[in-house]
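Down below is the structure, laid out as C-alpha coordinates.
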Amino acid sequence: METTNRVGFSSKIGFVLAAAASAVGLGNIWRFPYLAAEYGGGTFLIVYLILVVTFGFAIMITEVAIGRKTGLSSIGAFRKLNRKFAFCGWLGLLIPVIITPYYSVIGGWVAKYMVTYLTGHGSDAASDGFFGSYIGGVGQPIFWLLIFVVVTCIVVVAGVQKGIEKASVILMPILIALCIVISIYGLTQPGALDGFVYYVKPVLSKFSGKLVLAALGQLFYSMSLAMGIMITYGSYMKKENNLESSVRMIEVFDTLVAFLAGLMIVPSVFAFSGGNEEAMNSGPGLMFVTLPSVFESMPGGHIVGGLFFVLVFFAALTSAISLTETIASVIMDKLHWRRSQTVLLVGIFVFVVGIPSSLGFGVWSHVAPLGMDLLTFFDFISNSIMMPVLAFLTCIFAAYVLKPKEIIAEVEQFGVTFKAKKFYSVMIRFVAPVGIVAILISSVMAGLGVFSW
(Lines give C-alpha, C1' and ligand atoms only; values in the text may rest on other atoms or scores of the structure.)
Protein backbone atom coordinates (compact mmCIF):
# COMPACT_ATOMS: atom_id res chain seq x y z
CA MET A 1 0.00 0.00 0.00
CA GLU A 2 1.27 3.47 -0.95
CA THR A 3 2.19 6.06 1.63
CA THR A 4 1.40 9.77 1.59
CA ASN A 5 3.94 10.67 4.29
CA ARG A 6 6.46 12.56 2.22
CA VAL A 7 8.58 15.67 2.46
CA GLY A 8 7.32 18.31 0.02
CA PHE A 9 8.66 21.49 -1.52
CA SER A 10 9.27 24.13 1.10
CA SER A 11 7.55 26.96 -0.77
CA LYS A 12 5.54 27.93 -3.83
CA ILE A 13 8.61 29.32 -5.59
CA GLY A 14 10.46 26.09 -4.78
CA PHE A 15 7.74 24.08 -6.51
CA VAL A 16 7.56 26.47 -9.47
CA LEU A 17 11.31 26.49 -10.06
CA ALA A 18 11.57 22.71 -9.68
CA ALA A 19 8.68 22.11 -12.09
CA ALA A 20 10.01 24.73 -14.50
CA ALA A 21 13.48 23.18 -14.28
CA SER A 22 11.94 19.83 -15.15
CA ALA A 23 10.15 21.36 -18.13
CA VAL A 24 13.26 23.20 -19.31
CA GLY A 25 15.37 20.52 -20.95
CA LEU A 26 16.79 19.48 -24.28
CA GLY A 27 13.33 19.89 -25.78
CA ASN A 28 13.63 23.65 -25.21
CA ILE A 29 17.30 24.17 -25.96
CA TRP A 30 17.67 21.93 -29.00
CA ARG A 31 14.31 20.91 -30.45
CA PHE A 32 12.38 24.18 -30.15
CA PRO A 33 14.84 26.34 -32.16
CA TYR A 34 15.00 24.06 -35.18
CA LEU A 35 11.22 23.60 -35.23
CA ALA A 36 10.75 27.36 -35.08
CA ALA A 37 13.23 27.80 -37.93
CA GLU A 38 11.54 25.11 -40.01
CA TYR A 39 7.97 26.31 -39.50
CA GLY A 40 8.12 30.00 -40.29
CA GLY A 41 9.74 31.58 -37.25
CA GLY A 42 7.21 33.97 -35.74
CA THR A 43 4.28 31.93 -37.03
CA PHE A 44 5.45 28.94 -35.02
CA LEU A 45 6.12 31.12 -31.97
CA ILE A 46 2.59 32.54 -31.99
CA VAL A 47 0.94 29.15 -32.45
CA TYR A 48 3.11 27.59 -29.75
CA LEU A 49 2.32 30.38 -27.28
CA ILE A 50 -1.42 29.97 -27.89
CA LEU A 51 -1.15 26.22 -27.31
CA VAL A 52 0.87 26.71 -24.10
CA VAL A 53 -1.85 28.85 -22.50
CA THR A 54 -4.64 26.53 -23.68
CA PHE A 55 -3.66 22.86 -24.10
CA GLY A 56 -0.58 23.07 -21.90
CA PHE A 57 -2.41 24.89 -19.14
CA ALA A 58 -5.32 22.43 -19.06
CA ILE A 59 -3.19 19.28 -19.01
CA MET A 60 -0.66 20.63 -16.49
CA ILE A 61 -3.39 21.85 -14.12
CA THR A 62 -4.93 18.37 -14.30
CA GLU A 63 -1.72 16.48 -13.59
CA VAL A 64 -0.53 18.74 -10.76
CA ALA A 65 -4.00 18.69 -9.17
CA ILE A 66 -4.16 14.88 -9.31
CA GLY A 67 -0.78 14.67 -7.60
CA ARG A 68 -1.60 17.22 -4.91
CA LYS A 69 -5.07 15.79 -4.27
CA THR A 70 -3.73 12.29 -3.61
CA GLY A 71 -0.23 13.04 -2.27
CA LEU A 72 1.02 10.12 -4.38
CA SER A 73 3.05 9.44 -7.51
CA SER A 74 1.39 8.28 -10.73
CA ILE A 75 0.38 4.67 -9.93
CA GLY A 76 -0.89 5.38 -6.44
CA ALA A 77 -2.62 8.58 -7.54
CA PHE A 78 -4.75 6.99 -10.26
CA ARG A 79 -5.48 3.93 -8.12
CA LYS A 80 -6.60 6.08 -5.18
CA LEU A 81 -8.98 8.09 -7.36
CA ASN A 82 -10.34 5.13 -9.37
CA ARG A 83 -8.85 1.64 -9.28
CA LYS A 84 -10.00 0.93 -12.83
CA PHE A 85 -7.65 3.64 -14.06
CA ALA A 86 -4.59 2.41 -12.18
CA PHE A 87 -3.19 1.28 -15.56
CA CYS A 88 -2.75 4.99 -16.42
CA GLY A 89 -0.38 5.24 -13.47
CA TRP A 90 1.61 2.28 -14.72
CA LEU A 91 1.83 3.93 -18.14
CA GLY A 92 2.97 7.09 -16.36
CA LEU A 93 5.80 5.06 -14.84
CA LEU A 94 6.72 3.18 -18.01
CA ILE A 95 7.23 6.37 -20.02
CA PRO A 96 10.07 7.77 -17.84
CA VAL A 97 11.48 4.24 -17.53
CA ILE A 98 11.91 4.27 -21.32
CA ILE A 99 12.92 7.92 -21.68
CA THR A 100 15.45 8.33 -18.85
CA PRO A 101 18.11 5.91 -20.19
CA TYR A 102 18.29 7.32 -23.72
CA TYR A 103 17.89 10.89 -22.45
CA SER A 104 20.90 10.27 -20.21
CA VAL A 105 22.87 9.12 -23.25
CA ILE A 106 22.26 12.54 -24.85
CA GLY A 107 23.07 14.15 -21.48
CA GLY A 108 26.39 12.33 -21.64
CA TRP A 109 27.05 13.81 -25.09
CA VAL A 110 26.38 17.27 -23.67
CA ALA A 111 28.70 16.62 -20.72
CA LYS A 112 31.44 15.54 -23.14
CA TYR A 113 31.09 18.71 -25.21
CA MET A 114 30.95 20.89 -22.10
CA VAL A 115 34.21 19.47 -20.77
CA THR A 116 35.79 19.66 -24.24
CA TYR A 117 35.12 23.41 -24.37
CA LEU A 118 35.97 24.11 -20.73
CA THR A 119 39.36 22.40 -21.15
CA GLY A 120 40.23 24.57 -24.18
CA HIS A 121 39.60 22.04 -26.93
CA GLY A 122 36.63 23.70 -28.60
CA SER A 123 38.34 23.54 -31.99
CA ASP A 124 38.26 19.74 -31.76
CA ALA A 125 34.47 19.81 -31.35
CA ALA A 126 34.19 21.95 -34.49
CA SER A 127 36.32 19.65 -36.62
CA ASP A 128 34.76 17.47 -39.31
CA GLY A 129 33.67 14.06 -38.09
CA PHE A 130 34.13 14.78 -34.37
CA PHE A 131 30.52 14.13 -33.42
CA GLY A 132 30.08 11.05 -35.61
CA SER A 133 33.35 9.56 -34.41
CA TYR A 134 32.45 10.21 -30.77
CA ILE A 135 28.94 8.73 -30.74
CA GLY A 136 30.12 5.81 -32.88
CA GLY A 137 32.62 4.80 -30.21
CA VAL A 138 32.19 2.51 -27.22
CA GLY A 139 34.20 3.55 -24.17
CA GLN A 140 33.86 7.37 -24.31
CA PRO A 141 30.05 7.61 -24.76
CA ILE A 142 29.45 5.00 -22.05
CA PHE A 143 31.85 6.77 -19.69
CA TRP A 144 30.05 10.11 -20.12
CA LEU A 145 26.68 8.36 -19.80
CA LEU A 146 27.87 7.08 -16.42
CA ILE A 147 29.06 10.54 -15.35
CA PHE A 148 25.72 12.09 -16.24
CA VAL A 149 23.76 9.39 -14.38
CA VAL A 150 25.95 9.74 -11.28
CA VAL A 151 25.52 13.54 -11.15
CA THR A 152 21.75 13.16 -11.57
CA CYS A 153 21.51 10.58 -8.80
CA ILE A 154 23.60 12.68 -6.40
CA VAL A 155 20.98 15.44 -6.62
CA VAL A 156 17.99 13.08 -6.37
CA VAL A 157 19.37 11.13 -3.42
CA ALA A 158 19.63 14.39 -1.43
CA GLY A 159 15.83 14.54 -1.38
CA VAL A 160 13.05 16.89 -2.47
CA GLN A 161 14.06 20.01 -0.53
CA LYS A 162 17.82 19.60 -0.11
CA GLY A 163 18.36 18.04 -3.55
CA ILE A 164 15.75 18.76 -6.21
CA GLU A 165 14.44 22.09 -4.89
CA LYS A 166 17.85 23.46 -3.93
CA ALA A 167 19.39 22.49 -7.28
CA SER A 168 16.48 24.04 -9.17
CA VAL A 169 16.60 27.30 -7.21
CA ILE A 170 20.31 27.59 -8.05
CA LEU A 171 20.35 26.29 -11.62
CA MET A 172 17.25 27.97 -13.09
CA PRO A 173 18.40 31.59 -12.53
CA ILE A 174 21.88 30.68 -13.84
CA LEU A 175 20.34 28.99 -16.86
CA ILE A 176 18.18 32.01 -17.72
CA ALA A 177 21.09 34.41 -17.17
CA LEU A 178 23.32 32.37 -19.51
CA CYS A 179 20.54 32.32 -22.12
CA ILE A 180 20.32 36.11 -22.02
CA VAL A 181 24.09 36.67 -22.13
CA ILE A 182 24.66 34.29 -25.04
CA SER A 183 21.64 35.66 -26.94
CA ILE A 184 22.90 39.24 -26.63
CA TYR A 185 26.39 38.24 -27.73
CA GLY A 186 25.06 36.25 -30.69
CA LEU A 187 22.93 39.18 -31.86
CA THR A 188 26.04 41.39 -32.05
CA GLN A 189 27.58 39.18 -34.71
CA PRO A 190 27.50 40.30 -38.38
CA GLY A 191 24.30 39.21 -40.10
CA ALA A 192 22.65 38.05 -36.89
CA LEU A 193 19.97 40.75 -36.95
CA ASP A 194 18.68 39.33 -40.23
CA GLY A 195 18.50 36.00 -38.45
CA PHE A 196 16.57 37.64 -35.61
CA VAL A 197 13.99 38.94 -38.09
CA TYR A 198 13.80 35.48 -39.65
CA TYR A 199 13.18 34.01 -36.19
CA VAL A 200 10.46 36.38 -34.93
CA LYS A 201 8.71 37.57 -38.12
CA PRO A 202 5.52 35.60 -38.84
CA VAL A 203 5.37 34.00 -42.28
CA LEU A 204 1.68 33.34 -42.69
CA SER A 205 2.18 31.28 -45.83
CA LYS A 206 3.84 28.63 -43.65
CA PHE A 207 0.81 28.24 -41.41
CA SER A 208 -0.56 24.71 -41.81
CA GLY A 209 -2.01 21.78 -39.96
CA LYS A 210 1.47 20.30 -39.84
CA LEU A 211 2.76 23.42 -38.05
CA VAL A 212 0.00 23.23 -35.43
CA LEU A 213 0.64 19.54 -34.80
CA ALA A 214 4.40 20.13 -34.59
CA ALA A 215 3.85 22.89 -32.04
CA LEU A 216 1.41 20.74 -30.07
CA GLY A 217 3.86 17.84 -30.07
CA GLN A 218 6.62 20.19 -28.89
CA LEU A 219 4.37 21.10 -25.97
CA PHE A 220 4.78 17.61 -24.47
CA TYR A 221 8.58 17.77 -24.81
CA SER A 222 8.82 21.29 -23.40
CA MET A 223 6.41 21.09 -20.45
CA SER A 224 7.12 17.58 -19.09
CA LEU A 225 3.52 16.54 -19.69
CA ALA A 226 2.14 13.00 -19.86
CA MET A 227 5.10 11.28 -18.25
CA GLY A 228 4.15 11.22 -14.56
CA ILE A 229 6.46 14.08 -13.62
CA MET A 230 3.87 16.74 -12.88
CA ILE A 231 1.76 14.27 -10.89
CA THR A 232 4.83 13.42 -8.80
CA TYR A 233 5.83 17.06 -8.30
CA GLY A 234 2.21 17.95 -7.55
CA SER A 235 2.24 15.38 -4.76
CA TYR A 236 5.04 17.39 -3.13
CA MET A 237 3.12 20.69 -3.40
CA LYS A 238 1.60 22.32 -0.33
CA LYS A 239 -2.19 22.66 -0.26
CA GLU A 240 -2.04 26.37 0.59
CA ASN A 241 -0.01 27.22 -2.53
CA ASN A 242 -2.03 28.72 -5.39
CA LEU A 243 -2.04 25.98 -8.01
CA GLU A 244 -3.38 28.05 -10.92
CA SER A 245 -0.84 30.86 -10.55
CA SER A 246 1.95 28.31 -10.04
CA VAL A 247 1.14 26.65 -13.36
CA ARG A 248 1.03 30.04 -15.07
CA MET A 249 4.49 30.83 -13.68
CA ILE A 250 5.83 27.50 -14.95
CA GLU A 251 4.44 28.32 -18.39
CA VAL A 252 6.21 31.69 -18.34
CA PHE A 253 9.58 30.20 -17.32
CA ASP A 254 9.33 27.37 -19.84
CA THR A 255 8.26 29.56 -22.76
CA LEU A 256 10.86 32.21 -21.90
CA VAL A 257 13.70 29.69 -22.00
CA ALA A 258 12.39 28.14 -25.23
CA PHE A 259 12.23 31.59 -26.85
CA LEU A 260 15.70 32.52 -25.59
CA ALA A 261 17.07 29.20 -26.85
CA GLY A 262 15.85 30.09 -30.32
CA LEU A 263 17.31 33.57 -29.90
CA MET A 264 20.67 32.03 -28.99
CA ILE A 265 20.75 29.61 -31.89
CA VAL A 266 18.70 30.72 -34.91
CA PRO A 267 20.21 34.20 -35.58
CA SER A 268 23.79 32.93 -35.16
CA VAL A 269 23.28 29.87 -37.35
CA PHE A 270 21.38 31.99 -39.89
CA ALA A 271 24.31 34.43 -40.11
CA PHE A 272 26.91 31.64 -40.23
CA SER A 273 25.10 29.73 -42.99
CA GLY A 274 24.17 32.77 -45.05
CA GLY A 275 20.47 32.18 -44.50
CA ASN A 276 20.57 28.49 -45.44
CA GLU A 277 17.42 26.97 -43.89
CA GLU A 278 18.81 23.43 -44.19
CA ALA A 279 21.59 24.34 -41.76
CA MET A 280 18.98 25.11 -39.11
CA ASN A 281 16.84 22.06 -39.72
CA SER A 282 19.46 19.43 -38.99
CA GLY A 283 18.19 17.65 -35.86
CA PRO A 284 20.94 16.61 -33.42
CA GLY A 285 23.51 17.99 -35.84
CA LEU A 286 22.31 21.50 -35.08
CA MET A 287 23.69 21.39 -31.55
CA PHE A 288 26.60 19.02 -31.93
CA VAL A 289 27.88 19.81 -35.44
CA THR A 290 26.60 23.16 -36.74
CA LEU A 291 26.85 25.19 -33.51
CA PRO A 292 30.48 24.24 -32.75
CA SER A 293 31.33 25.48 -36.25
CA VAL A 294 29.46 28.71 -35.51
CA PHE A 295 31.36 29.17 -32.23
CA GLU A 296 34.62 28.51 -34.02
CA SER A 297 33.89 31.39 -36.41
CA MET A 298 33.05 33.88 -33.61
CA PRO A 299 35.51 36.13 -31.79
CA GLY A 300 35.74 34.58 -28.32
CA GLY A 301 33.70 31.66 -29.62
CA HIS A 302 35.41 29.11 -27.38
CA ILE A 303 34.23 31.00 -24.31
CA VAL A 304 30.72 31.35 -25.71
CA GLY A 305 30.71 27.67 -26.66
CA GLY A 306 31.78 26.71 -23.15
CA LEU A 307 29.02 28.82 -21.60
CA PHE A 308 26.49 27.39 -24.05
CA PHE A 309 27.25 23.78 -23.23
CA VAL A 310 27.27 24.54 -19.49
CA LEU A 311 23.77 25.92 -20.04
CA VAL A 312 22.66 22.88 -22.03
CA PHE A 313 24.15 20.57 -19.40
CA PHE A 314 22.14 22.30 -16.67
CA ALA A 315 18.99 22.04 -18.77
CA ALA A 316 19.55 18.34 -19.49
CA LEU A 317 20.37 17.69 -15.83
CA THR A 318 17.22 19.34 -14.43
CA SER A 319 14.99 17.25 -16.68
CA ALA A 320 16.91 14.06 -15.90
CA ILE A 321 16.48 14.81 -12.19
CA SER A 322 12.69 14.99 -12.56
CA LEU A 323 12.56 11.81 -14.67
CA THR A 324 14.67 9.93 -12.14
CA GLU A 325 12.63 11.25 -9.21
CA THR A 326 9.40 10.14 -10.92
CA ILE A 327 10.66 6.54 -11.14
CA ALA A 328 12.13 6.59 -7.62
CA SER A 329 8.97 8.09 -6.13
CA VAL A 330 6.81 5.23 -7.37
CA ILE A 331 9.21 2.64 -5.93
CA MET A 332 9.40 4.42 -2.58
CA ASP A 333 5.60 4.76 -2.42
CA LYS A 334 4.99 1.10 -3.14
CA LEU A 335 7.92 -0.67 -1.46
CA HIS A 336 8.76 1.83 1.30
CA TRP A 337 12.45 1.62 0.44
CA ARG A 338 14.93 4.23 1.63
CA ARG A 339 15.63 7.01 -0.85
CA SER A 340 19.34 6.19 -1.10
CA GLN A 341 18.65 2.52 -1.81
CA THR A 342 15.98 3.37 -4.38
CA VAL A 343 18.02 5.97 -6.25
CA LEU A 344 21.02 3.62 -6.41
CA LEU A 345 18.82 0.96 -7.99
CA VAL A 346 17.29 3.44 -10.45
CA GLY A 347 20.72 4.81 -11.35
CA ILE A 348 22.10 1.34 -12.11
CA PHE A 349 19.01 0.59 -14.23
CA VAL A 350 19.30 3.85 -16.19
CA PHE A 351 23.00 3.30 -16.88
CA VAL A 352 22.65 -0.34 -17.96
CA VAL A 353 19.56 0.22 -20.12
CA GLY A 354 21.13 3.34 -21.64
CA ILE A 355 24.10 1.39 -23.01
CA PRO A 356 22.19 -0.11 -25.99
CA SER A 357 21.02 3.37 -27.06
CA SER A 358 24.62 4.55 -26.87
CA LEU A 359 25.97 1.59 -28.85
CA GLY A 360 23.20 1.98 -31.43
CA PHE A 361 25.32 4.53 -33.27
CA GLY A 362 28.32 2.24 -33.47
CA VAL A 363 28.80 -1.46 -32.88
CA TRP A 364 25.03 -2.07 -32.60
CA SER A 365 24.05 0.16 -35.52
CA HIS A 366 22.81 -2.94 -37.36
CA VAL A 367 20.02 -3.24 -34.77
CA ALA A 368 17.38 -0.99 -36.35
CA PRO A 369 13.77 -1.66 -35.28
CA LEU A 370 11.36 0.01 -37.73
CA GLY A 371 14.44 1.23 -39.58
CA MET A 372 15.53 3.45 -36.67
CA ASP A 373 18.63 3.47 -34.49
CA LEU A 374 17.85 2.33 -30.94
CA LEU A 375 17.80 5.81 -29.39
CA THR A 376 15.44 7.13 -32.07
CA PHE A 377 13.24 4.04 -31.71
CA PHE A 378 12.86 4.48 -27.95
CA ASP A 379 12.17 8.18 -28.50
CA PHE A 380 9.49 7.33 -31.09
CA ILE A 381 7.78 4.76 -28.85
CA SER A 382 7.74 7.03 -25.80
CA ASN A 383 7.15 10.47 -27.30
CA SER A 384 5.13 9.76 -30.42
CA ILE A 385 2.92 6.96 -29.09
CA MET A 386 2.87 6.53 -25.31
CA MET A 387 2.82 10.19 -24.23
CA PRO A 388 -0.14 11.20 -26.45
CA VAL A 389 -1.98 8.03 -25.34
CA LEU A 390 -1.45 8.88 -21.66
CA ALA A 391 -2.37 12.53 -22.22
CA PHE A 392 -5.61 11.45 -23.92
CA LEU A 393 -6.46 9.01 -21.13
CA THR A 394 -5.70 11.65 -18.49
CA CYS A 395 -8.09 14.08 -20.21
CA ILE A 396 -10.82 11.43 -20.41
CA PHE A 397 -10.25 10.48 -16.77
CA ALA A 398 -10.40 14.09 -15.55
CA ALA A 399 -13.34 15.05 -17.76
CA TYR A 400 -15.65 12.04 -17.54
CA VAL A 401 -14.57 9.85 -14.60
CA LEU A 402 -13.23 12.18 -11.92
CA LYS A 403 -15.14 15.16 -13.46
CA PRO A 404 -13.77 18.72 -13.81
CA LYS A 405 -15.46 19.78 -10.57
CA GLU A 406 -13.02 17.60 -8.59
CA ILE A 407 -10.00 19.25 -10.25
CA ILE A 408 -11.56 22.67 -9.73
CA ALA A 409 -12.19 21.88 -6.05
CA GLU A 410 -8.53 20.93 -5.62
CA VAL A 411 -7.39 24.17 -7.24
CA GLU A 412 -9.75 26.19 -5.02
CA GLN A 413 -8.21 25.08 -1.72
CA PHE A 414 -8.04 27.66 1.10
CA GLY A 415 -10.57 29.95 -0.59
CA VAL A 416 -8.58 30.42 -3.80
CA THR A 417 -10.70 31.19 -6.87
CA PHE A 418 -9.93 29.21 -10.03
CA LYS A 419 -10.22 32.10 -12.48
CA ALA A 420 -10.11 29.96 -15.62
CA LYS A 421 -12.39 27.14 -14.44
CA LYS A 422 -14.99 27.50 -17.22
CA PHE A 423 -12.26 27.63 -19.83
CA TYR A 424 -10.55 24.65 -18.20
CA SER A 425 -13.74 22.56 -18.31
CA VAL A 426 -14.21 23.16 -22.04
CA MET A 427 -10.54 22.44 -22.83
CA ILE A 428 -10.28 19.22 -20.81
CA ARG A 429 -13.64 17.82 -21.98
CA PHE A 430 -13.69 18.68 -25.66
CA VAL A 431 -10.71 20.49 -27.19
CA ALA A 432 -7.67 18.76 -25.65
CA PRO A 433 -8.74 15.14 -26.38
CA VAL A 434 -9.37 15.92 -30.06
CA GLY A 435 -6.03 17.69 -30.45
CA ILE A 436 -4.16 14.86 -28.75
CA VAL A 437 -5.73 12.23 -31.00
CA ALA A 438 -4.63 14.29 -34.01
CA ILE A 439 -1.06 14.37 -32.66
CA LEU A 440 -1.06 10.62 -32.06
CA ILE A 441 -2.32 9.70 -35.52
CA SER A 442 -0.03 12.09 -37.39
CA SER A 443 3.05 11.24 -35.30
CA VAL A 444 2.62 7.49 -35.69
CA MET A 445 1.96 7.64 -39.42
CA ALA A 446 4.83 10.04 -40.07
CA GLY A 447 7.17 7.97 -37.87
CA LEU A 448 6.28 4.79 -39.75
CA GLY A 449 6.75 6.54 -43.07
CA VAL A 450 3.11 6.14 -44.07
CA PHE A 451 2.97 9.80 -45.05
CA SER A 452 4.80 13.07 -44.54
CA TRP A 453 2.76 16.23 -44.26
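Under the 3.5 Å distance criterion, the side-chain polar atoms of Arg68 are left unmatched by any main-chain donor or acceptor of Tyr236. Here the side chain of Thr318 pairs a donor or acceptor atom with the backbone of Ala21 at under 3.5 angstrom. For the pair Ser442 (side chain) and Ile439 (backbone), a donor-acceptor distance under 3.5 Å is present. Side chain of Ser208 to main chain of Leu211: a donor-acceptor pair is present (N/O by atom type, distance under 3.5 Å, no hydrogens or angles). At least one donor-acceptor pair closer than 3.5 Å links the side chain of Ser74 to the backbone N or O of Gly89. A side-chain donor-acceptor contact under 3.5 Å links Thr326 to the backbone of Ser322. With hydrogens and angles ignored, the 3.5 Å screen pairs a side-chain donor or acceptor of Ser293 with a backbone N or O of Val289. Checked by atom type and distance alone, the side chain of Thr43 pairs as donor or acceptor with a backbone atom of Val203 at under 3.5 Å.
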(Q) Using side-chain contact (heavy atoms from CB on, under 4.5 Å), reason through Leu390 and Met227 one step at a time and then give a plain yes or no. (A) CA-CA 8 Å; Leu390 179 57; Met227 56 182 82; 5.8 Å; no

(Q) Let's go through Glu38 and Phe44 carefully: what are the C-alpha distance in whole Å and the side-chain angles of both, what is the deciding distance for side-chain contact (heavy atoms from CB on, under 4.5 Å) to 0.1 Å, and is it a yes or a no? (A) CA-CA 9 Å; Glu38 179 180 357; Phe44 182 86; over 6 Å; no

(Q) Between Ser319 and Ser22, does the side-chain hydrogen bond (donor to acceptor under 3.5 Å, both in side chains) criterion hold? Intermediate values first, please. (A) CA-CA 4 Å; Ser319 288; Ser22 167; 5.3 Å; no

**Q.** side-chain hydrogen bond (donor to acceptor under 3.5 Å, both in side chains) between Ser10 and Glu165, worked out
**A.** CA-CA 8 Å; Ser10 64; Glu165 182 176 348; 2.5 Å; yes

Q: Decide side-chain contact (heavy atoms from CB on, under 4.5 Å) for Val312 and Met114; before the verdict, give the C-alpha distance in whole Å, the side-chain angles of both, and the deciding distance to 0.1 Å.
A: CA-CA 9 Å; Val312 179; Met114 178 182 70; over 6 Å; no

Q: With side-chain contact (heavy atoms from CB on, under 4.5 Å) as the test, would you mind laying out the steps for Val64 and Ile231 before giving the verdict?
A: CA-CA 5 Å; Val64 176; Ile231 293 178; over 6 Å; no

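Counting heavy atoms from C-beta on, the side chains of Val149 and Thr100 never come closer than 4.5 Å. The shortest distance between side-chain heavy atoms of Phe259 and Tyr199 falls below 4.5 Å. Looking at heavy atoms from C-beta onward, Thr394 lies in side-chain contact with Thr62 at the 4.5 angstrom threshold. Between Glu296 and His302 the shortest side-chain heavy-atom distance falls below 4.5 Å. At a threshold of 4.5 Å between non-hydrogen side-chain atoms, the residues Ile99 and Phe378 do not count as touching. Side-chain atoms of Ile59 and Ile436, non-hydrogen and from C-beta on, do get closer than 4.5 Å to each other. Here the side chains of Leu359 and Val363 are in contact, with some heavy-atom distance below 4.5 Å. Side-chain atoms of Leu393 and Phe87, non-hydrogen and from C-beta on, do get closer than 4.5 Å to each other.
Of the inter-residue distances, the one linking Ile174 atom CD1 with Cys179 atom SG reads 12.0 Å to the nearest 0.5 angstrom. Note: Ile265 CD1 to Met287 CE = 6.0 Å, rounded to the nearest 0.5 Å. For the atom pair CD1 of Ile135 and CH2 of Trp109, the computed distance is 4.5 Å after rounding to the nearest 0.5 Å. Annotation: the span from Leu187 atom CG to Leu263 atom CG amounts to 5.0 Å, rounded to 0.5 Å. To the nearest 0.5 angstrom, Leu49 atom CG is 9.0 Å from Thr54 atom OG1. How far CD1 of Ile66 is from CZ of Phe78: 4.5 Å, rounded to the nearest 0.5 Å.
Shown are Phe130, Trp144, Phe148, Phe308; of these, the ring-ring contact (aromatic ring centres under 6.0 Å, His included) with Tyr113 is made only by Phe130. Put simply, the residue from Ile331, Val156, Val330, Val157 that forms a side-chain contact (heavy atoms from CB on, under 4.5 Å) with Val346 is Ile331.
Of all the heavy atoms in Leu440 and Ile385, the pair that sits closest is CD1-O, 3.6 Å. When every heavy atom of Pro101 is checked against every heavy atom of Phe349, the shortest pair comes out as CG-CE2, 4.3 Å. Of all heavy-atom pairs spanning Val53 and Arg248, the tightest one is O-NH1, 3.6 Å. Listed here is the closest heavy atom pair of Gly262 and Pro267: O-CD, 3.3 Å. Contact between Gly107 and Ala316 at its shortest, heavy atoms only, is CA-CB, 4.5 Å. Of all heavy-atom pairs spanning Tyr198 and Lys206, the tightest one is OH-NZ, 4.5 Å.
Heavy atoms of other residues, nucleotides or ligands lying less than 6.0 angstrom from CD1 of Ile98 number more than 12. Phe196 CZ: 12 or fewer foreign heavy atoms inside a 6.0 Å radius.
Taking Gln218 as the reference, Arg31, Ser222 meet the side-chain hydrogen bond (donor to acceptor under 3.5 Å, both in side chains) condition, with sequence neighbours excluded. Residues passing the side-chain hydrogen bond (donor to acceptor under 3.5 Å, both in side chains) test with Glu63, sequence neighbours excluded: none.
Between Gln140 and Lys112, the side chains place a donor N or O and an acceptor N or O closer than 3.5 Å (distance only, hydrogens not considered). Using modelled atom types, one finds a donor on one side chain and an acceptor on the other under 3.5 Å when comparing Lys12 with Ser245.
The list of side-chain hydrogen bond (donor to acceptor under 3.5 Å, both in side chains) pairs with a residue in residues 372-391, not counting sequence neighbours, reads Tyr102-Asp379, Tyr102-Ser382, Tyr102-Asn383, Asp373-Thr376, Asp379-Asn383.
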